[in-house]
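As structure tokens, the structure follows; a few thoughts come after it.
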Amino acid sequence: MAEMLEHDALATAEAWRAAGRKVALATVVETWGSAPRPVGSHLVIDEEGNFEGSVSGGCVEGAVVGEALELLESGATKMLEFGVADETAWRVGLSCGGRIRVFVEPVA
Amino acid sequence: MELSLLKALNEERAARRAAVLITDTASGEARLVKESEAAGDPLAGELSRRLRSGRSGMLEDGRTFLTVAVPPPRLVAIGAVHISQALAPMAKLAGLDVTIIDPRTAFATEERFPGVSLIAEWPEEALKNIPFDAYTAVAALTHDPKIDDFPLREALAAGCFYVGALGSRKTHGKRVERLLEAGVGSADVERIHAPIGLDIAAASPAEIAVAVLAEVIAALRKGPSMAREAA
């Protein structure tokens, strides 16, 4: 069973939280076009910026981690959107033509 | 999300039970529905569809997100035979959890199956610890009714997404007679893929393993009826 949950974001989130780390969970909730990771994909982030899992093929993880760190301070949740129409998305590199919405929440 | 909720979700996943996490992305509120509770939930219809497809997604309201957790597919091969030696690493590459069961300790050795979950017990014993479920594929590969028949009956009873059995049409004919005599329904017996594997004229054990794995993947991705058509 331990093998099954290896590199598993949800298992990692629980383990990190149990170890006393602050943890945020990011989930791909909607995609349009050629999004690299399917709806339901998770990325887990701790307060030091360590992460496990993915919400894109590596394109927007940096931006999601940045947002997550802010949310870990405030305790709020946030819906992020990345896409070709969005300047930020180009800047963070989701140039594959897709658009995704990512929900970020702290694990309290 | 509350840590207790995350723990409960992970507990279901580790136990190979399906569950759905329902999150209101506007408020951040969430609740967990286990598969066993889904039928009595206000969202029963939606949950039933989601649990079948395994797909997470947003509801039409644009704010309620369903994280659908269904167990990863598992392949249990009955028989630590030559075909299984090829099948185990291939199936692992394809993302299946692989377990091999064979009471014959001369066959079921670590040396023949490095890094594979191997149970050198009779299926009657082994299945007490790893019961079959709907997310399990079972391939009976020993040719020996004493070893194969029990797990085949269990696989059909558990609604495994794939059930296949090695043997010629003649061998399978006798198997069908035995299973019917043992009280297995004819519709269930019909679900057994035999002769096993897609018809690619496989000859060697490794080629038969490819045919079996392809049939398992077809059952997983297209649904059992489609896999039958493909076969």
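Residue numbers begin at 1 in each chain, while the letters A, B, ... track the order of the sequences. No hydrogens, no waters, no symmetry mates; every other heavy atom, side chains included, goes into these values.
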Heavy-atom closest contact (A/Val107 atom, B/Leu3 atom, distance): CG1-CA, 4.0 Å
Heavy-atom closest pair, residues B/Phe65 and A/Val39: CE1-CG1, 3.5 Å
Which portion of B/Leu21 sits near chain A, non-hydrogen atoms under 4.5 angstrom: neither
Validation row: A/Leu25, B/Met1 side chains within 4.5 angstrom (heavy atoms): yes
OH/B/Tyr135: more than 12 non-hydrogen atoms of other groups inside 6.0 Å: yes
Chain A neighbours within residues 23-40 of chain B, where any heavy atom lies under 4.5 Å away: B/Thr23, B/Thr25, B/Gly28
Spatial distance of atom CZ (A/Phe103) from atom OG1 (B/Thr67) [nearest 0.5 Å]: 9.5 Å
Any donor-acceptor pair under 3.5 Å from B/Asn10 side chain to A/Leu10 backbone: yes
Part of A/Val28 lying under 4.5 Å from any heavy atom of chain B: backbone
Which atoms of A/Thr27 approach chain B - backbone, side chain, both or neither, heavy atom under 4.5 Å: side chain
Sub-4.5 Å side-chain heavy-atom contact between B/Met58 and A/Arg101: yes
Distance in Å, B/Ser4 OG paired with A/Glu14 CD, rounded so as to fall on 0.5 Å steps: 10.5 Å
